[in-house]
Amino acid sequence: MARDFFCERLVLSSVGGVREIDLAHPVVCVFGPIDTGKTTLADCIKYALGLPVAWREVPGQRLQTVTLFVRIEGMRIGLRRSLVADVSRVELLDSDEGGVEEILDVEAQPDGRRVVGEVLLDLLGLGEMFAPPSAVALLGAGARLTFEQLYAMCYLTQDVVDGTESVRGKANTAQSYRTVVELLLGLTDGPMRVLTARKDELTRTLTDQKRQAETIGAFLTGSAAGLETELARSHEEERAALQRLEEFKGRMRAATAHADPLRRRVQEAEQVLERCRCAAADGEHTLVRLRQQVQHLEGQHETGPERCSPCPVCRADLTLRPVPDGDCPLCLSALDPARLAQALHAAQDALAAAERQLTEQVKAHSEAQTAWEQARIELDARTREEISPLAAQIEGLAAAHATARTRTTMLERELEPHRRLAELHRSVQTVQDELQGVREEIRTRKNLLAHRRATLGEFEEHFTELVGSVGLPGDPGARLSHSLLLPQVRAGNLTKVGHGVRCAINVVYRMAFLSYALVTGATDLPSFLVIDSPRKNVGYGEDDQELVGRLYTHFLDHIAGVRSGGALRTRPHQIIIVDNDLPQLPKRLLEQMHTIELSRDHPLVP
């Protein structure tokens, strides 16, 4: 049923003071000359609801805060927004005490605060309908309709009232407007939007995959079957080469193991040879040292000890010091010839023993050299006869295997696009099957909603009837476009008719939504409408004035009171009309309006 949305009070604070406007009436008419604040009043309502406003110069300079008290589906709240402080926030007020209950963001921010438009949609019970979580998850922000797009249905601005297709409002694209109208008239619903979002996503995916397949196919040469056969043959050659290579590597390991005892013999002989070489070198060193000792002792025995200089302690020169024959040149003690002879004999004996030991060590070194050479010859013969041929064969087989592997890799790279193409074809088939299933679900859902198609026909009849009751001059044949869900005339779009007629059709079109909601109660449209300057846009000629009079009569007779079976039956609703002045109307109709007159001495903004 129609959603209750009713503005009760508007409070404006400015540099000139505070003004409170009573709006708690079904039909409110704000009139006065130009630049007295009529459009500003509509802008203030819009601004307090968290929507963007292009302020005119004077109110934009003077206004400080705008506070709107509104009833939404029976719940009363206040919304206060500043023009001089943080314009990106709206304060949610308690309607009774006026205290701040929550701070709301005008647009979604990372801090996670709630957004004004989302809160208003939730209060209207349209949050799930306008932003189904499943559809948003599929399509992102593209599946999200906002409160601004809904409000465009409730506010016929001054620059739109004379429009053509732009009567949908600047917040709506052609697609979003159609979706909003379909939702409000019940021609679609949340599940259908999810299915449609899924269909659109699958359609895009299918288009992308087909494009990729066409691109890949355009660059491919040869057949995938031929490449697969050649790749299988290359894999077989690679496996055979690897098998032969592993076989010869095994034989190499066996031959190497067979030669291991010879290697150990060579290593052991090398170790023995090294020890003998070191022993012979040590013997030669010892022999040289002993020979020098014998020569020294023989010299002392024949000529006596040589003078010692300088002194080993104080480094004084001792060459001129007199030394008696037979005394020690260092300590001047008498030398014992017998002890010198004994030392000489001992040194000669040690030298003889060292010569014999060196002879034995040289012999052992020669034997070790012979044993090492013999073992080395046997190892070289074994390597030459058994291991070297295997190594040459392994090298050839390794090269053959590397060649086969390279060819296999090249074939796999060449075959990869073919495989990718085949995978894309399979994916395309899967997506097509899924898309067909979704389309069947959509058809089923459409059948469930088929009776709502009658609603569109009823709405069109209602619109045509209202146009007829207004009595447009020239009978332009106003009707509803089923593709755009916008008003048209017999000759085409609304640019084919005059300015005043075009304005009247647009006003009647918007009024038809509210009137239909009040007559049937079957739509989800908020029962609220703001119309800016219909009288001024229709014109001031005599015929124009009569047309405006019929428009106002429609406002009051068909909306302010809906008659059913001869009895007056009202539903919650509100219409706010701003215009330069009021048309000539019967007293009974004027009494149904709450008027707010503005003047240059008493403008809206103090």
side-chain contact (heavy atoms from CB on, under 4.5 Å) between T464 and F459, worked out: CA-CA 9 Å; T464 305; F459 175 75; over 6 Å; no

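- Remark: the backbone N or O of S469 is not paired with any side-chain donor or acceptor of R550 at under 3.5 angstrom.
- By the 4.5 Å heavy-atom criterion applied to side chains, T196 and M192 are counted as neighbours.
- A distance of 13.0 Å separates CD of Q592 from SG of C29, quoted to the nearest 0.5 Å.
- Between the side chain of T207 and the main chain of T203, a donor-acceptor pair closer than 3.5 Å is present.
- L424 contributes atom CG, which lies 11.0 Å from atom CD of E214 (distance to the nearest 0.5 angstrom).
- With hydrogens and angles disregarded, no donor-acceptor distance shorter than 3.5 Å links the side chain of R9 to the backbone of E20.
- For CD of E440, the number of neighbouring non-hydrogen atoms (other residues, nucleotides, ligands) closer than 6.0 Å is greater than 12.
- D22 and A24 make their closest contact through OD1-N, 3.1 Å (heavy atoms, listed as atom of the first residue, atom of the second, distance).
- Side-chain contact between Y509 and L480 is present, with heavy atoms from C-beta onward closer than 4.5 Å.
- Here the shortest heavy-atom pairing between R62 and P606 reads NH2-O, 2.8 Å.
- What you find for V467 and A478 is that their closest heavy atoms are CG1-CB, 3.9 Å.
- Residues F463 and F513 place their aromatic rings such that the two centres sit no closer than 6.0 Å.
- For N493 and T495, the side-chain atoms include at least one donor-acceptor pair closer than 3.5 Å.
- Proximity of E441 to R445: side-chain heavy atoms (C-beta onward) are nowhere separated by under 4.5 Å.
- With contacts defined as side-chain heavy-atom distances shorter than 4.5 Å, the pair L79/L93 does not qualify.
- Defined by atom type and a distance below 3.5 Å, a donor-acceptor pair is present between the side-chain atoms of S176 and T173.
- Summarising the geometry, atom CH2 belonging to W55 is positioned 5.5 Å from atom CG belonging to L63; distances are rounded to the nearest 0.5 Å.
- Taken to the nearest 0.5 Å, the CG atom of L598 stands 11.0 Å off from the CG atom of N580.
- Between atom CG of residue L150 and atom CG of residue L145 there is a gap of 9.0 Å, rounded to the nearest 0.5 Å.
- Taking 4.0 Å as the cut-off between side-chain N and carboxylate O, K46 and D43 do not count as a salt-bridged pair.
- With hydrogens and angles disregarded, no donor-acceptor distance shorter than 3.5 Å links the side chain of D4 to the backbone of I72.
- Contact of the L514 side chain with the I575 side chain is registered, since non-hydrogen atoms from C-beta on lie closer than 4.5 Å.
- The closest side-chain donor-acceptor pair between D433 and Q429 falls under 3.5 angstrom.
- With rounding to the nearest 0.5 angstrom, the CG atom of L12 is 4.0 Å from the CD1 atom of I21.
- The backbone N or O of D475 sits less than 3.5 Å from a side-chain atom of R490, completing a donor-acceptor pair.
- Here the closest non-hydrogen pair linking P534 and V507 is CB-CG2, 4.2 Å.
- L604 pairs in a side-chain contact (heavy atoms from CB on, under 4.5 Å) with only one of the listed residues (T40, I596, T36), which is T40.
- The residues D579 and K38 are annotated as not salt-bridged, no charged nitrogen and carboxylate oxygen being separated by less than 4.0 angstrom.
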Salt bridge (charged side-chain N to carboxylate O under 4.0 Å, His left out) assessment of R588 paired with E591: CA-CA 5 Å; R588 66 173 184 85; E591 291 175 349; over 6 Å; no

side-chain contact (heavy atoms from CB on, under 4.5 Å) between L51 and F147, intermediate numbers included: CA-CA 9 Å; L51 301 175; F147 178 76; 4.1 Å; yes

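- The backbone N or O of V70 sits nowhere less than 3.5 Å from a side-chain atom of R76 that would complete a donor-acceptor pair.
- Although no hydrogens or angles enter the test, the distance criterion places no donor-acceptor pair under 3.5 Å between the side chain of R510 and the main chain of L529.
- Counting heavy atoms from C-beta outward, S515 and L466 have side chains that approach closer than 4.5 Å.
- A donor-acceptor contact shorter than 3.5 Å is absent between the side chain of Q574 and the backbone of F528.
- For the pair T67/L10, no side-chain contact is recorded, criterion being any heavy-atom separation below 4.5 Å from C-beta on.
- Using a 4.0 Å cut-off between charged side-chain N and carboxylate O, E423 and R426 make no salt bridge.
- Annotation: H602, atom NE2; neighbour count of heavy atoms from other residues, nucleotides and ligands within 6.0 Å does not exceed 12.
- Looking at V30 and I577, their side chains never come closer than 4.5 Å, going by heavy atoms from C-beta outward.
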Check against side chain to side chain donor-acceptor pair (under 3.5 Å), S427 and Q209: CA-CA 8 Å; S427 181; Q209 290 181 347; 2.7 Å; yes

Full working for side-chain contact (heavy atoms from CB on, under 4.5 Å) between F31 and T595: CA-CA 8 Å; F31 67 96; T595 58; 3.8 Å; yes

Side chain to side chain donor-acceptor pair (under 3.5 Å) evaluation trace for Y516 with E458: CA-CA 9 Å; Y516 184 75; E458 292 173 0; 3.0 Å; yes

Stepwise side chain to side chain donor-acceptor pair (under 3.5 Å) check, S82 with T65: CA-CA 4 Å; S82 172; T65 62; over 6 Å; no

Which atom pairs, donor and acceptor, lie under 3.5 Å between side-chain atoms of residues 114-128 and protein residues at least two apart or in another chain?
from, atom 1, to, atom 2, distance (Å)
R114, NE, E102, OE2, 3.0
R114, NH2, E102, OE1, 2.7

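- Side chain of R502 to main chain of V497: a donor-acceptor pair is present (N/O by atom type, distance under 3.5 Å, no hydrogens or angles).
- With S527 contributing its side chain and R3 its backbone, the two residues share a donor-acceptor pair below 3.5 Å.
- H462 and A512 get closest at one heavy-atom pair: CD2-O, 3.8 Å.
- For the residue pair G50 and V90, the shortest heavy atom distance occurs at CA-CG2, 4.3 Å.
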V15 and Q64: CA distance, side-chain angles, deciding distance, side-chain contact (heavy atoms from CB on, under 4.5 Å) verdict: CA-CA 7 Å; V15 295; Q64 294 179 329; 3.9 Å; yes

